[in-house]
Amino acid sequence: MSKENFTRRLQKHEQELKWLYMELYGDEDSYGKLISYMGEFEKKRSAELKALDEEREKNPMWYRDSGMLGMTMYPKLFAGGLKGLKKKLDYLSEQKITYLHLMPLLKMPHPYNDGGYAVEDFRQVDGQIGTNQDLEALTKEMRKRGISLCLDLVMNHTADTHQWAMRAKAGEQEYIDRYQCYDTYDIPAQFERTMPQVFPSTAPGNFTWCEEMKKHVLTTFYPYQWDLNYRNPVVFNEMAANILFLANLGVEVLRIDAVPYIWKEIGTNCRNLPQVHTIVRMVRMILEVVCPAVILKGEVVMAPKELPAYFGTPEKPECHMLYGVSSMVNLWGALATRDVRLLKHQMDLIHSLPDNCYFVNYLRCHDDIGWGLDEEYEKKLMIDPLMHKEYLYHFFEGVFPGSFARGELYNYDPVTRDARSCGTTASLCGVEKGGFEGDREQVKWGVQRVLLMHAACMSLEGFLMLSSGDEIAQVNDYSYKENPDTAADSRYLHRSPFNWENAKLRTEEGTAQHGVWEGLKQLETLRRENPCFENGAQVSTWDTCRTAVFAIRRTKGDEELVCLANFSEYGQTVTLPTLEAEYEDIFTGESLRLWETYMAPYQYRWCRRK
């Protein structure tokens, strides 16, 4: 039966897969090698995973279920590694987590590895985190609990200590050809004319001189991360094989890191090029043939208009889902300014995208908050984009007068006056400041802001991914400054060991941990139970006639739910065009008429039409 399934799936996709492959590479032998890889990995796939493949084929939209709840974490910081994480799965099940994104755990150089995104071996778990056997045992236990594992797929580059790079440094032409290497600076100079720099202050330029090879190597991100050459079919085939290897260990979601960057052309900005979509489409088809239980999530930090291309079309799909980066940034912007107009505008753009577009939304992750706001729309609102950005990062740094936040700047550039923001959700919302000052009232308002932000995020199109520690109001950890390997990177402010002692406080009433844990639990339960959060629900923003209050309207059949969030420390009376319709706040049971509804400071309401 397994061979029949493989043949059936291959027949469905082979004509398009071969056409795209030959269009890109024109190499019959390499195409044959790819198909051979696919057959080999399908044979090695366990019976349990093949059963999951068949189940997911019958329910291909499983990831859009209203019960989906994600979390991201570093396994070493959470529980010492994969074995420790396996022992702590009861904690995740207690919160009904169904999707777990583990930060990069494949073999990496130490200490400089860009948080694990410099990969030394795509088929080996890093020894400081665990073993391949540990990972396989973990995914097996997770499947029993209905938790899908997401891992990062770093397609753009390898570490400069990867075996391919080491053999390239030794002069082996086959491996030199797997990267983009140049004897002189002539071609790199042509690239640099139109190719933006990702980290102009910390890693300027896009090329690095390799003394061993006597060549300039393309390194878009950091000098120790060598960009792969996808013009070479061997690179695509080998990376496809690495993907299938991870899928056979039980990985169910692959997050394609920096996907817009994987194809480069002189005279362009080397982002979002058509060949990127050819490659992602081929990866999608390879997965659907070999392991259809596995889905793709793209990291695309671009404007909303750039996003639909990464989903493909319903007939020729690419990514299953993307990160809701713009929602994260605009939610924090709304909290600092008490103004939801930019948030509403951005969500209107997201809601105007085709139905095949779906998002994983989040407030915090392992990375910084980059203030990529819609500058053209800011100008229409008479907002100066640079001054606004400066206000935001100073507000969340905690130095702006009256700020409740505690955070730090990341990548501050005194020339451009650009900077990003770091910190945990609890610290950015005021819990840390109140706790440090011994002010229980401040802590209470900090907890309320944490819940408000999660309620607003949960109301959006897609599902919520928590950042580990946010569910127990974990605050910033400044000890990173004592470690010379991390002291220069303020992102380690929120990349700290999980505090299990504080986690115990989630059961003690009156603590910040209990307030956040129980508040999130209530939000998550109501989201799972309400049909307006099911797949196929219609989602749109509403104008509340108050710049501080954000409104999302969700409908499914005859059901209607209006989600309100007051981003201000002042009470607001909102006006919505509901006329005489009666609603019930499903948190409080209060009966409401939304044409004139009072919202207390930082209050959120989910109002069901009676």
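Position 1 is the first residue of the sequence, and the numbers go up from there. All values below were derived from every heavy atom in this structure, side-chain atoms included, with hydrogens, water molecules and symmetry-related copies excluded.
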S.K.: In terms of side-chain geometry, is the basic nitrogen of Arg341 or Glu378 positioned less than 4.0 Å from the acidic oxygen of its partner?
M.R.: no
S.K.: Taking NZ, NE, NH1 and NH2 as the nitrogens, is one of them in Arg605 or Glu590 under 4.0 Å from a carboxylate oxygen of the other?
M.R.: yes
S.K.: Under a plain distance cut-off of 3.5 Å, with no hydrogens placed, do Asp114 and Gln225 share a side-chain donor-acceptor pair?
M.R.: yes
S.K.: Holding to side-chain contact (heavy atoms from CB on, under 4.5 Å), I want the full list of residues that pass it with Lys344, two or more places apart in sequence or in another chain.
M.R.: Asp348, Thr541, Asp543, Phe550
S.K.: Taking C-beta and beyond as the side chain, do Val329 and Leu373 meet within less than 4.5 Å on heavy atoms?
M.R.: yes
S.K.: Answer whether the closest heavy-atom distance between the side chains of Cys563 and Tyr604 falls below 4.5 Å.
M.R.: no
S.K.: Does the gap between the ring centers of Phe395 and Trp371 come in under 6.0 Å?
M.R.: no
S.K.: Does Glu408 pair with Lys481 as a salt bridge, N-O distance under 4.0 Å?
M.R.: yes
S.K.: Could you walk me through whether Arg506 and Glu94 pass the salt bridge (Lys or Arg N to Asp or Glu O under 4.0 Å) check?
M.R.: CA-CA 12 Å; Arg506 69 189 185 277; Glu94 185 182 341; 2.8 Å; yes
S.K.: Does any donor atom in the side chain of Lys297 or Tyr358 lie under 3.5 Å from an acceptor atom in the other side chain?
M.R.: no
S.K.: Are any of the side-chain nitrogens in Lys86 or Glu141 under 4.0 Å away from the carboxylate oxygens of its partner?
M.R.: no
S.K.: Any chance you could lay out the salt bridge (Lys or Arg N to Asp or Glu O under 4.0 Å) test for Arg491 and Asp367, step after step, and finish with the verdict?
M.R.: CA-CA 6 Å; Arg491 291 176 298 179; Asp367 230 333; 3.0 Å; yes
S.K.: Ion pair present between Arg338 and Glu569, side-chain N to carboxylate O less than 4.0 angstrom?
M.R.: yes
S.K.: Answer yes or no: is there a side-chain heavy-atom contact under 4.5 Å between Ile472 and His514?
M.R.: no
S.K.: Working note: Phe221 + His157, criterion ring pair (Phe, Tyr, Trp, His ring centres under 6.0 Å); need CA distance, chi angles, decisive distance, verdict.
M.R.: CA-CA 9 Å; Phe221 291 88; His157 49 260; 5.4 Å; yes
S.K.: Could you go through the ring pair (Phe, Tyr, Trp, His ring centres under 6.0 Å) check for Phe404 and Trp445 one step at a time?
M.R.: CA-CA 10 Å; Phe404 49 73; Trp445 284 114; over 10 Å; no
S.K.: Assess, by modelled atom type and distance only, whether the side chains of Gln95 and Lys521 contain a donor and an acceptor separated by less than 3.5 Å.
M.R.: no
S.K.: Do Thr486 and Asp489 have a side chain donor and acceptor closer than 3.5 Å?
M.R.: no
S.K.: May I ask you to check whether Phe533 and Phe463 place their ring centres under 6.0 Å from each other?
M.R.: no
S.K.: Taking the six-membered ring for Trp, are Tyr377 and His345 parallel (under 30°), tilted (30 to 60°) or perpendicular (over 60°)?
M.R.: parallel
S.K.: For the pair Lys379 and Glu375, find out whether any cationic side-chain nitrogen is under 4.0 Å from an anionic carboxylate oxygen.
M.R.: no
S.K.: Check the side chains of Trp606 and Ser459 for a donor-acceptor pair under 3.5 angstrom, ignoring hydrogens and angles.
M.R.: no
S.K.: Less than 4.5 Å apart, any side-chain heavy atom of His388 and any of Ile383?
M.R.: yes
S.K.: Should Asn476 and His494 be marked as a side chain to side chain donor-acceptor pair (under 3.5 Å) after you check the CA-CA gap, both sets of side-chain angles, and the distance that decides it?
M.R.: CA-CA 6 Å; Asn476 296 334; His494 52 260; 5.8 Å; no
S.K.: Tyr602 and side chain to side chain contact (heavy atoms under 4.5 Å, CB included): which single residue from Val447, Val450, Leu335 fits?
M.R.: Leu335
S.K.: Scan Leu92, Thr98, Asp90 and name whichever one has a side chain to side chain contact (heavy atoms under 4.5 Å, CB included) with Arg145.
M.R.: Asp90
S.K.: Verify ring pair (Phe, Tyr, Trp, His ring centres under 6.0 Å) between Phe199 and Tyr222, making sure each step is shown before the conclusion.
M.R.: CA-CA 8 Å; Phe199 301 123; Tyr222 287 102; 4.9 Å; yes
S.K.: Report the residue from Lys96, His454, Met458 that forms a side chain to side chain contact (heavy atoms under 4.5 Å, CB included) with Glu524.
M.R.: Met458
S.K.: Do the ring planes of Tyr74 and His366 sit parallel (below 30°), tilted (30 to 60°) or perpendicular (above 60°)?
M.R.: perpendicular
S.K.: Tell me, which pairs form a salt bridge (charged side-chain N to carboxylate O under 4.0 Å, His left out) where one or both residues lie in residues 387-403, sequence neighbours left out?
M.R.: Lys389-Asp418, Glu390-Arg417
S.K.: What is the ring orientation for Tyr224 with Tyr112, classed by angle as parallel under 30°, tilted 30 to 60°, or perpendicular over 60°?
M.R.: tilted
